[in-house]
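So the structure is just underneath, and the comments pick up after that.
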Amino acid sequence: YGDHRDLHLSIRRQRQMCIRDRDSRIQDELSSSMTGGRLRRYAKVTSAMGGLAARLAGERYLGIKINREQHASDLRAALGGLKGPLMKVAQILATIPDALPKEYVNELSHLQADAPSMGWLFVKRRMKAELGENWLAHFNTFDKQASAAASLGQVHFAEDINGKKLACKLQYPDMGSAVQADLKQLKLIFSLYEKYDSAISTEAIHEELSDRLKEELNYSHEVKNLKLYRHMLSDLNQITLPNPIDELSTNRLLTMTRIDGSKIMNFIAKNSDIKIRNQVAINMFKAWYIPFYKYGVIHGDPHLGNYTIRPDGGVNLMDFGCIRIFRPDFVTGVIELYKALRDRDEEQAVNAYKSWGFENPSKELIGVLNIWANFIYQPLLEDKVRLINPSESGQYGRETAEKVHEELKKIGGVKPPREFVLMDRAAVGLGSVFMHLKAEINWYKVFHDLVGDFDEKILSKRQSKAMNESGLILD
């Protein structure tokens, strides 16, 4: 019996030593893979962007015509496995009139937001880094498999020790370095594209994207954004927001109460009733534009994965990383531009564009900008029930964007202000959703019900109070 016991103890010791060696080896491999992964990522992005730059330069300076569609497809294939901001940047660029050639935007906008998620080993290490050695003690259950994987992090469903359903958004490792690398490459491709096509100056676009992406890396900042939205939309039963769980959140982990609903495209497929589709559209409009016209705040990322739909047509907002706060006078400028288009008042339009941030807009530039503005504002200018866009075009705004682009080239181009980027992103993104819903709404009435009592001074006071209560500081 003694020999058997000694043998058993010896086997146990060897097994424990093997486990320790294995864990140490895995830790070394993970550490090196993060560094190596960062280098491989930079090399991959550099190679892909460098190829694009060479082809654009060849077309520009040597007259070498390239198959843009094929190269755009190759570019998407090269970048498709990468997590990080490139996906989000591509989605935003898709809404800015010809910031990049349309063939590239079309392909980049299809980069998979549901990229392969981190495996359980990585998740355990990341959760331990955020909540400590005994992180699992905070939960009754914690799903090993991510429910969703996006550009900067992934979501795991869980249940706390009191049985409350939670959603934990965990940032991928080394995202700070990934953001820096991607933004450098984006700046390069922007500068090269401007040499190829000078219709759009991209300097302010890059600055805006850089600041917003860096904010998104800080989940503590997103908690404040969430609290801000809970304050702004507290009176709307049609919109559901999660509660942040502060004690289970860090700069790179955001834990919220879980809210369930259907993805918008699934909801549309299962609901042909135009009444409930219209209700969804109105609720979406309120979720985005009550914060803007009442508080000077816009949700800059109406991506399909950032909200779900309740069975009654209510909207669940779930992501608050990309939030833009505007000066009160900018909101006034947005309303003044509406009035200028309605009254065909050129002088008022000039003043409105200046308040947007367009510097010394010429008469020619005003004319071109009005093409785009009329497209965006048109549903709000007609006092009747209508579709958001009667055109059968599959991509919201593409035809108008191409026309604007050609006219801008003729007059020497334009430098869009930073404020334009996410305002445009929200308008075009929501317009696309309304097109999918085939919503038939009197948009004029919905808009006027919202802005009829607009007062810049009241908005300023309202904004300050909301910022203070949510812990945000205005620049």
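A salt bridge does not link R212 to E216: none of the charged nitrogens lies less than 4.0 Å from a carboxylate oxygen. Under a 4.0 Å N-O distance rule, the pair D453/K294 qualifies as a salt bridge. With respect to the salt-bridge test (charged N to carboxylate O, under 4.0 angstrom), the residues R386 and E440 do not qualify. Between D246 and K227 there is a salt bridge, since a side-chain N of the basic residue sits under 4.0 Å from a carboxylate O of the acidic one. K445 has a carboxylate O that lies under 4.0 Å from a charged side-chain N of D449, or vice versa, which qualifies the two as a salt bridge. In summary, R310 and D312 engage in a salt bridge, as defined by a charged side-chain N under 4.0 Å from a carboxylate O. We find that K415 and E359 are not joined by a salt bridge, their nearest charged nitrogen and carboxylate oxygen being 4.0 Å or further apart.
Residues Q180 and K214 meet the side-chain proximity criterion, which asks for heavy atoms closer than 4.5 Å. When side chains are defined from C-beta on, P302 counts as touching R425, because their heavy atoms get closer than 4.5 Å. At least one side-chain heavy atom of L365 sits less than 4.5 Å from a side-chain heavy atom of L408. Side-chain contact between E419 and W356: absent, with no pair of heavy atoms (C-beta onward) separated by less than 4.5 Å. Contact of the I441 side chain with the I388 side chain is not registered, since no non-hydrogen atoms from C-beta on lie closer than 4.5 Å. Considering only heavy atoms from C-beta on, I366 stays 4.5 Å or farther from F358 through its side chain. Contact check for P173 versus M118: side-chain heavy atoms found under the 4.5 Å cut-off. Proximity of M423 to F292: side-chain heavy atoms (C-beta onward) are separated by under 4.5 Å at one or more points.
By the ring-ring contact (aromatic ring centres under 6.0 Å, His included) test, H206 is found to be paired with no residue, residues two or more places apart in sequence or in another chain being considered.
The ring of H448 has its center closer than 6.0 angstrom to the ring center of Y338. When ring centroids are compared, Y293 and F447 come within the 6.0 Å threshold.
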For residues 163-170, please give each side-chain donor-acceptor pair under 3.5 Å, one per line with the distance, not counting sequence neighbours.
from : atom 1 : to   : atom 2 : distance (Å)
K169 : NZ     : E222 : OE1    : 2.9
K169 : NZ     : E222 : OE2    : 3.0
K169 : NZ     : D319 : OD2    : 3.3

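Under the 3.5 Å distance criterion, with hydrogens and angles disregarded, a donor-acceptor pair is assigned to the side chains of N370 and Y353. Using modelled atom types, one finds no donor on one side chain facing an acceptor on the other under 3.5 Å when comparing N351 with E347.
Counting heavy atoms of neighbouring residues, nucleotides and ligands inside a 6.0 Å radius, atom CD of E247 exceeds 12 of them. In this structure, D343 places its CG atom where more than 12 heavy-atom neighbours from other residues, nucleotides or ligands lie under 6.0 Å away.
Atom CG of L430 sits about 10.0 Å away from atom NE2 of H299, to the nearest 0.5 Å. Residue E207 holds its CD atom at 7.5 Å from CG of D211, rounded to the nearest 0.5 Å.
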### Task
Decide salt bridge (charged side-chain N to carboxylate O under 4.0 Å, His left out) for D273 and K275; before the verdict, give the C-alpha distance in whole Å, the side-chain angles of both, and the deciding distance to 0.1 Å.
CA-CA 5 Å; D273 184 353; K275 289 183 179 180; over 6 Å; no
